[in-house]
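Below, read A as the first sequence line, B as the second, and so on, with proteins coming before strands; counting in each chain starts at 1. Remember, predicted model here, so these are calculated numbers, not experimental data.
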Amino acid sequence: EITKDQQALVKIIVEAYNRHQIPQDVTKKLLQDQYSAEENFLLLTEMATNQVQVLVEFTKNIPGFLSLDREDQIALLKGSAVEAMFLRSAQVFNRKMPSGHTEVLEDRIRKSGISEEFITPMFNFYKSIGELHMVREEQALLTTITILTPDRPYVKDQQAVERLQETMLDVLRKMCVLQHPQDPQYFARLLGRLTELRTLSHYHAEMLTSWRMN
Amino acid sequence: PASNLGLEDIIRKALMGNLEE
């Protein structure tokens, strides 16, 4: 059973998740199907900045986050930025979109100059997230759990972060049991995606270097 | 290192935004 406090917690997190999105004037540009390689590179770079700003605005609303040590807050955001961006991108990519939009987006990514060896694991990850058919509450909580990973570099008070993460994991676990009673492995599968995210994040640094050189 | 510094700058500015308000 989810307690009243836990329900209130989920409500705050989901509202923040819905409120903080990439600005529409930026996403509209993504859907233009006429663009040069340079325009594409500039837009995807602009989006990366927006993604980080959106991540920070969302994270400030996570109950307890702003009570953490200030430098730990920065360490958590720095450490989780790439994973959180991939997770959010995967969720957006799998959302129902008007006809043709998914194809334009996929085409844009494939023609961005990013090497195929990185594109493949990225799209594989997007597909594996899509297969989960997560509801909004699960997406928001999984993102929160990613951000509140205690073993990021330079985090000093790991126990404080761990306590906060445990609170979120407990709520998510209960939600999975209640929402997916016929699939007792659902929670474990969600957490399995976090391991995939870590792998993808390790590819990311190499992906950037090769892309910049291209 | 340069791109990591850029990321940290963006994060610090965005975090500070609330305090300034």
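If you measure heavy-atom distances from A:Gln51 to chain B, you find no contacts under 4.5 Å at all.
Atom CZ of B:Arg12 is separated from atom CD of A:Gln73 by 10.5 Å, given to the nearest 0.5 angstrom. With rounding to the nearest 0.5 Å, the separation of CG in A:Leu77 from CD1 in B:Ile10 is 12.0 Å.
Environment of CD in A:Gln7: crowded, with over 12 heavy atoms of neighbouring residues, nucleotides or ligands closer than 6.0 Å. With a 6.0 Å radius and a threshold of 12 heavy atoms from other residues, nucleotides or ligands, A:Tyr203 has its OH atom at or below the threshold. Counted within 6.0 Å of CD on A:Glu131, heavy atoms from surrounding residues, nucleotides or ligands total more than 12; the atom is thus considered enclosed.
Taking all atoms of both residues into account, the shortest heavy-atom contact from A:Val52 to B:Ile11 is CG1-CG1, 3.8 Å.
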Is there a side chain to side chain contact (heavy atoms under 4.5 Å, CB included) between B:Leu15 and A:Arg70 once you walk through the steps?
-> CA-CA 9 Å; B:Leu15 261 181; A:Arg70 176 45 65 106; 4.2 Å; yes

